[in-house]
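Okay, structure first, notes after.
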Amino acid sequence: MDTLWTFIVERRHQLLTDSYLHVSAVVQSVLLGAVVAVALGVLVYRSPLGSSLATAAASIILTVPSFALLGLLIPLLGLGVAPTITAMVLYALLPILRNTIVGLATIDPAVSDAARGIGMNRLRVLTGVELPLAWPSILTGIRISTQMLMGILAIAAYAKGPGLGNLIFTGLSRLGTPNAVPQALTGTVLIIVLALLLDGVLMLVGRLTTSKGIRD
């Protein structure tokens, strides 16, 4: 325990930097994934075939092991941030896409008809009525993707990606040395703590951005 505490104190600046890079990479990946997934969901949610094909494609991506996907991307994009963010965006798609389709498809058609009846065009109905009503479902998908990517990013250290995964990989590669276990354990615990904190932030965002009538 003393060794663990000593390691944390001595490496606190590096731990803060790695933690920031980890969260930053996850947030950027989720935001990019959300833009793609929501746009795709809006395009296909009215078509059962289109919805099925889009969901199936995203599901196939999610079944590819992280090491394998990174291994395929490294020859194309090299090492570092590019293959890491690309892989994470691809992994983020399915939960957000599925929840976007479900959220939009379950809106009562009478609500959309009423909005059009007061003179709103298709774009205004989508942005002013349908997406806000589907937002709680979309946010749930974003939360799932965020938690998933917090763990996947640790594996991206294989591709020299940013974040706490490098700490874990370095610790595991040095098993038998005094700092090996504290290094791997610290990286693992920090990822768990940061994942919980980030989920708490998203829950707060949900409360602040969801109308009281929908929440109740």
Side-chain angles (χ1 to χ4, degrees), residues 14-44 50-101 138-175 180 183-184 186-199 201-202:
Q14 185 61 46
L15 293 176
L16 287 172
T17 300
D18 287 341
S19 297
Y20 167 77
L21 292 174
H22 200 97
V23 172
S24 176
V26 169
V27 170
Q28 291 178 60
S29 300
V30 170
L31 288 176
L32 289 171
V35 170
V36 174
V38 172
L40 186 57
V42 167
L43 290 174
V44 303
S51 298
S52 298
L53 290 175
T55 302
S59 299
I60 291 171
I61 293 172
L62 198 59
T63 62
V64 178
S66 306
F67 277 113
L69 184 56
L70 287 167
L72 293 172
L73 291 173
I74 288 173
L76 300 174
L77 302 174
L79 295 171
V81 174
T84 300
I85 297 299
T86 302
M88 299 242 291
V89 169
L90 292 173
Y91 282 128
L93 293 177
L94 179 60
I96 304 173
L97 174 62
R98 181 181 289 163
N99 280 41
T100 299
I101 292 171
I138 296 171
L139 184 60
T140 298
I142 291 174
R143 288 177 61 190
I144 293 170
S145 289
T146 301
Q147 297 302 296
M148 185 172 61
L149 294 190
M150 287 295 290
I152 291 175
L153 182 55
I155 301 173
Y158 164 72
K160 304 298 182 183
L164 293 162
N166 295 295
L167 198 65
I168 298 173
F169 269 60
T170 303
L172 293 176
S173 68
R174 295 177 178 175
L175 284 177
Q183 200 166 7
T186 300
T188 303
V189 171
L190 279 175
I191 288 174
I192 295 171
V193 171
L194 291 172
L196 293 174
L197 289 175
L198 202 50
D199 192 54
V201 170
L202 289 174

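Because the structure is predicted, anything quoted here is derived from the model rather than measured.
Considering CE of Met88 and CD1 of Ile152, their distance stands at 8.0 Å, rounded to 0.5 Å. In this structure, the separation between CG on Leu197 and CD1 on Ile192 is 12.0 Å, given to the nearest 0.5 Å. Taking CG of Leu31 as the start and OG of Ser145 as the end, the distance is 11.5 Å to the nearest 0.5 Å. Atom CG of Leu62 is separated from atom OH of Tyr91 by 7.5 Å, given to the nearest 0.5 angstrom. Between atom CG of residue Leu153 and atom CD1 of residue Ile155 there is a gap of 9.5 Å, rounded to the nearest 0.5 Å.
Partners of Asp18 according to the side chain to side chain donor-acceptor pair (under 3.5 Å) rule, which considers only residues two or more places apart in sequence or in another chain, are Gln14. By the side chain to side chain donor-acceptor pair (under 3.5 Å) test, Thr170 is found to be paired with no residue, residues two or more places apart in sequence or in another chain being considered.
Pairs engaging residues 138-151 under the salt bridge (charged side-chain N to carboxylate O under 4.0 Å, His left out) rule: Arg143-Asp199 [sequence neighbours left out]. Applying the salt bridge (charged side-chain N to carboxylate O under 4.0 Å, His left out) rule to pairs touching residues 144-168 yields nothing, sequence neighbours excluded. Screening residues 20-44 for side-chain hydrogen bond (donor to acceptor under 3.5 Å, both in side chains) gives Ser24-Gln28 as the qualifying pairs, with residues at least two apart or on separate chains.
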Take Ile191 and Ile168 through the side-chain contact (heavy atoms from CB on, under 4.5 Å) test and state the conclusion after the steps.
CA-CA 10 Å; Ile191 288 174; Ile168 298 173; 3.8 Å; yes

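Across every non-hydrogen atom of Thr55 and Leu94, the tightest pair is O-CD1, 3.7 Å. In terms of heavy-atom proximity, Val42 sits nearest to Thr100 at N-CG2, 4.4 Å. When all heavy atoms of Gly163 and Leu21 are compared, the closest pair comes out as N-CB, 4.1 Å. The minimum heavy-atom distance linking Leu93 with Ala58 is given by the pair CB-CB, 4.5 Å. Residues Leu202 and Leu139 approach most closely at O-CD2, 3.7 Å, considering heavy atoms. Taking each heavy atom of Leu149 and Val26 in turn, the nearest pair found is O-CG2, 4.0 Å.
Between Leu90 and Val64 the shortest side-chain heavy-atom distance does not fall below 4.5 Å. The shortest distance between side-chain heavy atoms of Leu198 and Val27 falls below 4.5 Å.
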What side-chain donor-acceptor pairs closer than 3.5 Å can you find for residues 65-85, not counting sequence neighbours?
unit_1: Thr84; atom_1: OG1; unit_2: Gly80; atom_2: O; d: 2.8

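For the pair Asn99 (side chain) and Ile142 (backbone), a donor-acceptor distance under 3.5 Å is absent.
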